[in-house]
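Data block below; observations after.
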Amino acid sequence: MPPGPLLNPIPDFYQWTIVHKGLTKDSTAPKPAPGKPDYTNVVIGQKTGDIIHLVSFSGNGNKMEIWQKGAYQVIMNTGWKMPAVSPGSADERFTDISWVSAANFTGIKKLPGHGECMYFKDKILPRGLESWTKEDINAAIKAGENIEGMKIPAVACIEVERRLPVAMTVGQEATTYKFEPLKAGIMLTFPANAQAAIAAQNQQIQATMRRPVRP
């Protein structure tokens with residue numbers, strides 16, 4: 001395996017598109033045509049300096065928008081009356097692919113348009129369970145769960161040169177990644193409504209801190 005990190009953070013002044021397609025496990029749902037996924041999620045992102053803008057589109061029409069700057073991120077979602085403010089996440093857009101490691105590296109192959117790519121293969125917990133801690137897993141085992149039986153096949157492909165992901169398949173879900181530099185001169189501006197949401201939350205926190213403690 002080539003030396004260096006397996007994955008790099010997304011470079012500054014870059015844009016990207018991540019597409020998730022797959023089949024649900026709901027046996028009562030209408031079956032799609034052969035080869036056609038029954039759900040699709042598309043994430044479009046941009047990064048300039050300390051500002052990151054993400055827009056996520058789901059097949060059901062739901063749209064989520066995230067503006068991140070410094071220690072804060074502001075989340076807006078279809079149907080929400082007010083945006084939500086939370087701590088800014090690390091500059092890491094690949095939580096789903098964090099399972100790759102030197103232990104599951106299988107080799108290097110050339111891929112048209114991407115040059116040499118590293119390939120990884122393993123069996124992992126499905127979406128929704130991948131964030132389980134060792135304590136969570138131990139608790140599930142004590143409750144009689146078959147953890148190994150829950151795991152599903154996973155394959156990932158990562159560019160050797162940029163150390164950015166190209167594609168991943170986990171169970172019946174396939175993910176593709178596309179990264180490219182932004183056009184010269186593009187600079188993101190943190191929107192006024194996102195700034196207002198952060199200011200409102202800070203005022204609320206300060207008001208709570210100033211509230212006298214009752215004996």
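None of these values were measured; they are calculated from a predicted model.
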Using modelled atom types only, decide if a donor and an acceptor are shared between the side chain of [X] and the backbone of [Y] within a distance under 3.5 Å.
X      : Y      : answer
Thr78  : Lys63  : yes
Asn62  : Ser58  : no
Asn8   : Arg162 : yes
Asn146 : Gly149 : yes
Ser101 : Ala103 : yes
Gln73  : Val85  : no

How long is the straight-line distance from [atom2] of [Y] back to [atom1] of [X], given to the nearest 0.5 Å?
X     : Y      : atom1 : atom2 : result
Met82 : Gln201 : CE    : CD    : 11.0 Å
Thr40 : Phe57  : OG1   : CZ    : 13.5 Å
Ile66 : Ile52  : CD1   : CD1   : 10.0 Å
Gln68 : Ile75  : CD    : CD1   : 9.5 Å

Measure across [X] and [Y] and return the closest heavy-atom pair with its distance rounded to 0.1 Å.
X      : Y      : value
Glu159 : Cys117 : CA-SG, 4.0 Å
Gly49  : Asp12  : N-OD1, 2.7 Å
Tyr72  : Asn202 : OH-OD1, 3.1 Å
Pro165 : Phe179 : O-CE1, 3.3 Å
Ile147 : Ile137 : CG1-CG2, 4.0 Å
Leu7   : Ile158 : CD2-CD1, 3.7 Å

- Task: Examine Lys47 relative to Phe13 and say whether NZ or CZ is less than 6.0 Å from the centre of the six-membered ring and inside a 45° cone about the ring axis.
- Result: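 No, a cation-pi geometry is absent between Lys47 and Phe13.
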Are [Y] and [X] connected into the same hydrophobic cluster when the rule is that any two of I, L, V, M, F, W, Y join if their side-chain heavy atoms are below 4.5 Å apart?
X      : Y      : value
Val166 : Ile44  : no
Val170 : Tyr119 : no
Val19  : Tyr39  : no
Val55  : Leu182 : no
Ile108 : Leu164 : yes

- Message: Measuring centre to centre across the rings, with the benzene-like ring taken for any Trp, is Phe120 within less than 6.0 Å of Phe105?
- Response: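 Centroid distance Phe120-Phe105: below 6.0 Å, so yes.
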- Give a yes or no on whether Met187 atom CE has more than 12 heavy-atom contacts from other residues, nucleotides or ligands under 6.0 Å away.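 Enclosed: over 12 neighbouring heavy atoms sit under 6.0 Å from CE of Met187.
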- Within 6.0 Å of CD in Glu161, more than 12 heavy atoms from elsewhere: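 Open: at most 12 neighbouring heavy atoms sit under 6.0 Å from CD of Glu161.
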Can you tell if the side chain of [X] reaches within under 4.5 Å of the side chain of [Y], non-hydrogen atoms only?
X      : Y      : answer
Leu111 : Cys157 : yes
Ile97  : Tyr177 : yes
His53  : Glu65  : yes
Val74  : Ile198 : yes
Lys121 : Asn104 : no
Glu145 : Met150 : yes
Gln46  : Leu188 : yes
Trp99  : Asp122 : yes

- Item | Steps toward side-chain contact (heavy atoms from CB on, under 4.5 Å) verdict (Glu173, His20) | CA-CA 7 Å; Glu173 180 177 285; His20 305 279; 3.7 Å; yes
- Item | Trace of the side-chain contact (heavy atoms from CB on, under 4.5 Å) decision for Val42 with Ser56 | CA-CA 6 Å; Val42 179; Ser56 174; over 6 Å; no
- Query: Should Asn193 and Met76 be marked as a side-chain contact (heavy atoms from CB on, under 4.5 Å) after you check the CA-CA gap, both sets of side-chain angles, and the distance that decides it?
  - Reply: CA-CA 10 Å; Asn193 59 340; Met76 309 167 195; 3.5 Å; yes
- Donor + acceptor pair across side chains of Asp96, Thr175 (<3.5 Å):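 Looking only at side-chain atoms, Thr175 and Asp96 do not form any donor-acceptor pair under 3.5 Å.
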